[in-house]
Amino acid sequence: LFNCRAPRHENLKNMLNRIDQKFINLDKEKKKALVAFVTSGDPDFHSSKKIINSLPKFGADFIEIGIPFSDPMADGPTIQRSSQRAIKSGINLAKTFKLIENFRESNRKTPVILMGYFNPIFQFGLKKFFQICKKVGVDGLIIVDLPPEEDSLIKNYTQQYNVYNIRLVTPTTNKERLSKISKSSKGFLYYVSIMGITGTKKPSISILKKSILKIKKNTKLPVLVGFGINNANQVKEINKFANGCVIGSAIINLIEDSKKGNYSIEKTLLEIKLFLSKIKKGN
C-alpha cells in the first residue's frame, strides 16, 4: 500500500519538524496557534478529504486528525459519534494515511498531528505505523492512553522518524508529574482545560490562566489549550496567556449538522469556513 522507505538523502534526526517551524513563524508574526481537530473519515472518506484539505485555507495553523476508535474514552458524545460515523463509512488507519498523503500533495507546510488510542496503533504494527507516518508527512502524535511510564514502547520510533510525541497535561497534574511529561514530550504540551471529556463543559478563564502560568514556569515547550473551546471570545482570552487553542467538538458539530440535514459538502465547508473565520478574530 505504501513505500515505507524514507528518501536516503534525508537525515531524519536533524530535520526541523514542521511543528517547530510553525511556532517559529507564529512568533515572528506575533500570533497564536489555532489547531483544528477533525475525525478521519467523518462523515465519509470523500467529504473528509475535502474538509482536511480546506482547513489551512480557513485559518488552521495545525491540523489534528483523530483516528476513529470504537471506545474513545477521553472524548465526549460529539466526537464519539464522529468516530462511529467514520467507522461505519469504512475508514481505518490505512485510509487515514491516504487522506494525509493526499493532503501533502498540495500542502507541505501545515503540521499534521494524529490523535488516537494505543490499541489501533499497536495492532497496525508500531514500526510500520511510524514508517508510514514519516512517509506521508505526519509531524506529531497524541496517544491519549499511553502514559510517560510506557514511553519506551514508542520512543525509538519517534526519534528515528522525527514524529513528535505530544503529551496531555490536566488540571490534576502535579509539578513532579509535569516534569516527567515535559521531558518525554516534544513540539508542545496540550493542556486539557476541564475535568472530564471533550465538548461537555466550558473552562473557567481565571482558573485556566493560573494553571497555564504555573505550567510555563516549569517547561520551555509551548502550551496549547483544548477541550470546551468553541467561540472567539474564549480564544481571545486564552491566547493572552497560552500559545494557542485547539478547536474540536465545535467543528465536529458542524459536520454532524450537515450530515443530519443532508447538506452538500460545499455547504459544510462554507459553515466551517465561517466558523473558523470568527475564531481567528480571537487570534
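Taking both residues in full, the closest heavy atoms of Ser40 and Thr96 are given as OG-OG1, 2.7 Å, listed atom of the first, atom of the second, then distance. In this structure, Phe62 and Pro111 approach most closely via the heavy-atom pair CD2-CB, 3.5 Å. Nearest heavy atoms, Gly244 versus Asn239: CA-OD1, 3.3 Å. Here the closest non-hydrogen pair linking Val136 and Arg104 is O-CG, 2.9 Å. A pairwise comparison of heavy atoms in Val225 and Ile229 identifies O-CD1, 3.2 Å as the closest pair. Contact detail for Gly187 and Phe23: the closest heavy-atom pair is O-CE1, 3.7 Å.
Under the 4.0 Å criterion applied to side-chain N and carboxylate O atoms, Lys135 and Glu101 are not assigned as salt-bridge partners. Ionic pairing of Asp151 and Lys186 is not present here: no N-O contact between side-chain nitrogen and carboxylate oxygen is shorter than 4.0 angstrom. Glu29 and Lys22 are not joined by a salt bridge, as no carboxylate oxygen comes within less than 4.0 angstrom of a charged side-chain nitrogen. A salt bridge does not link Glu176 to Lys180: none of the charged nitrogens lies less than 4.0 Å from a carboxylate oxygen. Salt bridge status for Arg85 with Glu256: present, with a side-chain N to carboxylate O gap under 4.0 Å.
Inspection of the Ser179 and Ser182 side chains reveals no N or O donor paired with an N or O acceptor under 3.5 Å. Checking Asn25 against Gln21 by side-chain atom types alone, a donor-acceptor pair falls below 3.5 Å. For the 3.5 Å distance criterion, the side chains of Ser249 and Thr78 fail to qualify, holding no donor opposite an acceptor.
Note that the CG atom of Asn102 and the CZ atom of Phe45 stand 6.5 Å from one another [nearest 0.5 Å]. For the atom pair CD1 of Ile154 and CZ of Phe130, the computed distance is 4.5 Å after rounding to the nearest 0.5 Å. Separating the CD1 atom in Ile247 from the CG atom in Leu276 is a distance of 8.0 Å, to the nearest 0.5 Å. The CD1 atom of Ile51 sits 15.0 Å away from atom NZ of Lys273, with the distance rounded to the nearest 0.5 Å. Atom OG1 of residue Thr219 and atom CG of residue Leu189 lie 4.5 Å apart, to the nearest 0.5 angstrom. Rounding to the nearest 0.5 Å gives a distance of 9.5 Å between CD1 of Ile65 and CZ of Phe37.
In this structure, Cys133 and Tyr161 have side chains that are not in contact, with every pair of non-hydrogen atoms separated by 4.5 Å or more. Asn53 is not listed as a side-chain neighbour of Asn107, based on a closest heavy-atom distance of 4.5 Å or more. Under the 4.5 Å side-chain criterion, counting only non-hydrogen atoms from C-beta, Ser54 is not in contact with Ile272. You'll find the side chain of Asp61 reaches within 4.5 Å of the side chain of Lys280, heavy atoms only. Inter-residue side-chain proximity for Ile121 and Leu126 is flagged as met; some heavy-atom pair is nearer than 4.5 Å. Here the side chains of Pro120 and Phe129 are not in contact, with every heavy-atom distance at 4.5 Å or above. The side-chain heavy atoms of Pro147 and Arg177, taken from C-beta on, include a pair separated by under 4.5 Å. A heavy-atom distance below 4.5 Å is found between the side chains of Glu266 and Lys50.
Asn218 places a side-chain N or O within donor-acceptor distance of the main-chain N or O of Lys214, the cut-off being under 3.5 Å. A donor-acceptor pair is defined here as one N or O able to donate and one able to accept, closer than 3.5 Å; such a pair exists between the side chain of Ser185 and the backbone of Arg167. The closest donor-acceptor contact from the side chain of Arg81 to the backbone of Asn253 lies at 3.5 Å or more, if one exists at all. Looking at Asp139, its side chain does come within 3.5 Å of a backbone N or O of Val112 through a donor-acceptor pair. No side-chain donor-acceptor contact under 3.5 Å links Ser83 to the backbone of Gln80. Checked by atom type and distance alone, the side chain of Lys32 pairs as donor or acceptor with a backbone atom of Ala242 at under 3.5 Å. In this structure, the side chain of Asn162 does not engage the main chain of Lys134 through any donor-acceptor pair within 3.5 Å. Here the side chain of Ser193 pairs a donor or acceptor atom with the backbone of Phe227 at under 3.5 angstrom.
One hydrophobic cluster, built from ILVMFWY side chains closer than 4.5 Å, cannot hold both Val38 and Leu270; they sit in different ones. In the hydrophobic cluster analysis, where Ile, Leu, Val, Met, Phe, Trp and Tyr join through side-chain heavy atoms closer than 4.5 angstrom, Ile207 is grouped apart from Phe241. In this structure, Ile255 is not a member of the same hydrophobic cluster as Tyr263, with clusters built from ILVMFWY side-chain heavy atoms closer than 4.5 Å. Taking hydrophobic clusters as Ile, Leu, Val, Met, Phe, Trp and Tyr residues chained together by side-chain heavy-atom distances below 4.5 Å, Leu254 does not share a cluster with Leu274. Val144 and Ile79 fall within the same hydrophobic cluster, defined by Ile, Leu, Val, Met, Phe, Trp and Tyr side-chain heavy atoms under 4.5 Å apart, directly or through other members.
Heavy-atom contacts from other residues, nucleotides or ligands closer than 6.0 Å to NZ of Lys216 number more than 12. For CD of Glu149, the number of neighbouring non-hydrogen atoms (other residues, nucleotides, ligands) closer than 6.0 Å is greater than 12.
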Take Leu114 and Val163, measure what side-chain contact (heavy atoms from CB on, under 4.5 Å) needs, and give me the verdict at the end. CA-CA 10 Å; Leu114 277 179; Val163 177; over 6 Å; no
Might you work through the side-chain contact (heavy atoms from CB on, under 4.5 Å) test for Ile113 and Phe188, ending with a clear yes or no? CA-CA 11 Å; Ile113 298 159; Phe188 63 88; 3.6 Å; yes
Apply side-chain contact (heavy atoms from CB on, under 4.5 Å) to the pair Ile212 and Asn243, showing each step before the final yes or no. CA-CA 10 Å; Ile212 298 300; Asn243 297 99; over 6 Å; no
Determine, stepwise, if the pair Leu168 / Tyr190 fulfils side-chain contact (heavy atoms from CB on, under 4.5 Å). CA-CA 5 Å; Leu168 302 174; Tyr190 185 133; 3.5 Å; yes
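A tilted orientation is assigned to the rings of Phe97 and Phe124, their planes being inclined by 30° to 60°. Tyr117 and Phe69 have parallel rings, their planes meeting at less than 30° on a 0 to 90° scale where 60° marks the start of perpendicular.
Ser82 pairs with exactly one of Ile251, Asp42, Ile87 by the side-chain contact (heavy atoms from CB on, under 4.5 Å) rule, that one being Asp42.
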